[in-house]
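Have a look at the structure below before the remarks.
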Amino acid sequence: MTSARSSLEIVPPGPVVSLRGVGKTYGAGKTALRALAAIDLDIAAGEVTILMGPSGSGKTTLLSIIGCILRPTAGEVRLLGQEVAEENEAARSALRLAHIGFIFQGYNLFPTLSARQNVELALDLKGLGGRARRRRADELLEQVGLGDKGDAYPADLSGGQKQRVAIARALAGEPSLILADEPTAALDLQTGRRIMMLFADLAHRLHRGVVVVTHDSRILDLADRVVTLEDGRIIRDIALPRESAPAAPLDASLLRRRRSRETDLKELVAS
Amino acid sequence: MSSITAAIARFPRMSTVLAVRNMVHDRVRLVVTLIGIVFAVVLIGVQLGLFIGFARTTSSLIDHAGADLWIMAPGTRNIDQSAAISERKLFQALAVPGIQEAAKLITEFTLFKRPDGGNETVIVVGFDPAQGLGAPWQVAEGDVKNLAYAGTVMIDELYREKLGVTRIGQIVEIGGRRAQVVGFTRGIRSFTQSPYVFASFASALDYSRIRSDQTKYVLCRLVPGADAAAMRKALSERLGDVEVLTSGEFSRRTQFYWMFTTGAGLALLVAALMGLAVGVVVVSQTLYATTIDHLPEFGTLRAIGASSRYLYGVIIRQAVLSALAGYGIGLGVTLAIIRASRNGGTAILLPGELAAGLLALTLVMCVGAAAISIRKVTRLDPAMVFK
């Protein structure tokens with residue numbers, strides 16, 4: 001809970017990430033491939049945003065740009081108010097370390113390290129060492145329900161447990177923004193939903209911005225907002241009001257289309 | 001301080017943990033890496049040990065003679081081969097202020113007849129037993145004083161079999177003259193493979209073709225505190241048609257002659273370089289293969305914000321850990337080879353400076369070999385984590 005308090009204090013008001021007119025084109029000339037065009041998007045702290053769309057729609061490219069991994073070829077990207085699109089790789093790397101937690105489809109855990117060491121590695125990157133690093137890694141594993149699995153190696157863990165280790169690792173840097181690429185793709189429905197509920201808990205309780213790229217329509221009901229992409233453009237952006245809404249809206253600008261949650265979900269699944 | 005050390009040992013940097021785990025993850029590759037490093041360390045260690053051993057062997061007579069200055073025929077290039085000079089140089093040298101004592105010394109190739117009738121070439125070393133300049137050292141059996149008796153010699157234990165000498169008191173034939181063995185030295189090798197046979201100056205004249213009024217060298221010991229360079233200059237001016245060198249100068253000249261003008265040293269250095277090249281190739285290949293195997297993990301590290309320096313740190317730690325492990329094993333093997341060759345005709349020396357230099361070279365070799373891997377990681381696109 002201490003972490004939650006400190007995060008609330010760290011994340012400034014306004015969107016965690018703000019994209020304006022963002023475009024991305026791979027290559028040049030006749031072989032140029034436009035992956036994204038004219039993207040305007042704000043990601044707020046305290047909500048889970050799902051990015052959906054068919055393969056090749058630009059979801060992963062958008063996630064990479066939000067995560068300061070890729071540079072856009074057009075537009076402006078602000079992370080916590082700071083313009084990052086023109087930063088060099090070293091600066092973007094430092095920004096990722098300071099503000100963003102990543103969760104990958106294939107977990108991307110280090111197979112030669114135990115669950116605790118995987119988390120410790122991320123803490124080591126932040127400069128935390130010694131006994132404090134180990135204690136913090138155990139706390140994070142405890143938070144994701146793996147307090148008893150610290151010594152287990154990834155090969156000995158189930159898919160859901162691996163993803164929880166990855167989440168614990170992503171939380172190591174106390175990020176303002178958590179980005180997840182198809183985090184439930186390799187998991188069964190129940191495990192996938194549990195992971196999504198964990199994301200929702202992180203967003204709501206710890207006040208993080210969470211962006212999840214997924215094809216999995218069975219987990220949409222756990223999102224606060226669903227953004228659908230097609231051919232590199234946002235074609236739908238639906239805010240799904242929570243059953244028990246927070247005392248104050250997280251960001252009024254996000255709640256553009258207030259409809260019933262059930263209606264929205266039905267429409268999304270049908271699409 | 002000890003609590004800090006204990007904490008570091010208990011909670012090492014994760015980059016070190018990752019480096020160790022990456023290393024030991026593939027045991028076969030680790031073994032190949034270590035074999036490569038051990039091979040390089042042993043080859044370089046033995047070749048450079050041979051080089052130093054040979055170099056010191058070539059000049060051992062000079063280094064152990066106890067003289068400060070050597071007077072010799074002009075153009076002398078090594079101690080084993082030189083022209084004779086007049087013995088008057090001895091008396092002229094003694095007349096120069098600052099010379100405490102001086103003595104004649106000859107080294108001359110001659111024939112040694114083995115008991116079975118065969119001949120061996122030896123180098124007779126004739127010195128003045130009364131003064132001891134140029135006397136044998138490391139005496140294993142017998143007494144140097146006995147060499148004062150005419151017709152007596154000492155040889156080294158290493159060459160007993162080669163010369164067919166089995167015991168003290170044995171009569172042998174050198175340069176067509178009878179001689180009695182009165183002692184053995186231990187570990188006085190000859191670079192030319194013609195064993196040194198120590199005798200008094202008078203006896204040595206009998207075994208060689210040098211006239212009694214000649215000598216090969218005049219060895220001078222200076223009064224305490226005398227400036228060797230100044231005395232060298234004074235002797236050169238006073239004695240005229242001779243060359244005067246300090247002991248160190250003559251030692252280096254002799255070593256240079258045998259090690260480089262004969263090609264022997266060059267061959268050893270080339271072999272050592274080959275060892276280095278093999279080490280670099282093996283280590284760079286295995287380290288690169290390990291890096292490629294773990295590329296997705298390096299990509300993940302990059303994506304989650306690891307700096308380039310952190311990534312290099314992991315690879316360099318792997319290289320350093322491999323170097324330390326390989327050096328440890330390689331040094332053990334090298335010392336075993338040196339121990340096994342102790343009683344042979346070839347000296348392999350591994351002084352502390354060489355061992356330390358070898359460690360530094362191994363570290364440089366392994367870290368240098370990591371350059372290709374570092375280059376690969378440098379160009380890693382963090383976006384690979386989403387592919």
Side-chain angles (χ1 to χ4, degrees), chain A residues 59-65 67-71 89-114 116-135 137 153 166 169-170 172-173 175 179 181-182 213, chain B residues 1-30 290-315 317-318 321 377-387:
Chain A
K59 303 184 298 293
T60 301
T61 299
L62 181 56
L63 192 74
S64 301
I65 288 173
C68 300
I69 283 178
L70 277 183
R71 273 183 180 167
E89 171 51 28
R92 283 184 287 128
S93 181
L95 286 167
R96 292 197 295 271
L97 181 63
H99 303 299
I100 303 171
F102 287 93
I103 293 151
F104 309 100
Q105 180 179 352
Y107 321 121
N108 290 36
L109 297 179
F110 291 73
T112 57
L113 301 180
S114 68
R116 181 186 297 109
Q117 287 169 329
N118 267 281
V119 181
E120 279 193 77
L121 187 58
L123 293 165
D124 191 48
L125 290 176
K126 296 282 282 187
L128 192 63
R131 199 182 301 275
R133 186 184 70 208
R134 186 163 296 181
R135 198 167 43 234
Y153 283 82
R169 181 177 68 186
L179 304 179
D181 183 35
E182 302 276 7
V213 164
Chain B
M1 196 66 188
S2 61
S3 62
I4 293 171
T5 312
I8 290 169
R10 199 166 162 213
F11 304 106
R13 286 293 307 264
M14 287 310 297
S15 48
T16 305
V17 175
L18 188 60
V20 172
R21 296 294 170 83
N22 281 357
M23 256 179 72
V24 300
H25 180 59
D26 187 337
R27 302 275 163 87
V28 174
R29 191 168 289 147
L30 175 63
T290 305
T291 304
I292 295 295
D293 272 3
H294 295 279
L295 215 49
E297 292 152 38
F298 285 114
T300 302
L301 272 174
R302 215 178 214 333
I304 65 177
S307 63
S308 295
R309 194 176 159 192
Y310 194 92
L311 300 181
Y312 304 160
V314 174
I315 295 173
R317 276 173 170 81
Q318 275 177 244
L321 290 168
V377 169
T378 306
R379 298 182 168 197
L380 207 54
D381 180 5
M384 72 177 286
V385 290
F386 293 127
K387 287 172 184 167

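Below, read A as the first sequence line, B as the second, and so on, with proteins coming before strands; counting in each chain starts at 1.
Checked by atom type and distance alone, the side chain of B/Arg21 pairs as donor or acceptor with a backbone atom of A/Thr112 at under 3.5 Å. In this structure a side-chain-to-backbone donor-acceptor pair under 3.5 Å is present from A/Ser93 to B/Ala306.
Using a 4.5 Å cut-off on side-chain heavy atoms (C-beta onward), B/Pro382 and A/Arg92 make no contact. Looking only at side-chain heavy atoms (C-beta outward), A/Asp124 and B/Tyr310 come within less than 4.5 Å of each other. In this structure, the side chains of A/Leu121 and B/Leu301 come closer than 4.5 Å at one or more pairs of heavy atoms.
Applying the salt bridge (charged side-chain N to carboxylate O under 4.0 Å, His left out) criterion to B/Arg29, with sequence neighbours excluded, gives B/Asp26, B/Asp293. A/Arg116 meets the salt bridge (charged side-chain N to carboxylate O under 4.0 Å, His left out) test with A/Asp138, A/Asp151; sequence neighbours excluded.
In this structure, the separation between OG1 on B/Thr378 and CD on A/Glu89 is 11.5 Å, given to the nearest 0.5 Å. Here the NZ atom belonging to A/Lys126 is positioned 11.0 Å from the CD1 atom belonging to B/Ile304, to the nearest 0.5 angstrom. Atoms CZ and CE, on A/Arg133 and B/Met14 in that order, are 5.5 Å from each other to the nearest 0.5 Å. The distance from atom CG of A/Asn108 to atom CE of B/Met384, rounded to the nearest 0.5 Å, is 8.5 Å.
The choice from B/Ala303, B/Ser15, B/Gly299 that makes the most heavy-atom pairs within less than 4.5 Å of chain A is B/Ala303. Between chain B and the options A/Ile100, A/Leu70, A/Leu97, A/Leu63, the largest number of non-hydrogen pairs under 4.5 Å is found for A/Leu97.
In this structure, chain B has heavy atoms under 4.5 Å from both the backbone and the side chain of A/Gln117.
The two atoms that bring A/Pro111 and B/Glu297 nearest to each other are CD-OE2, 3.3 Å, heavy atoms only.
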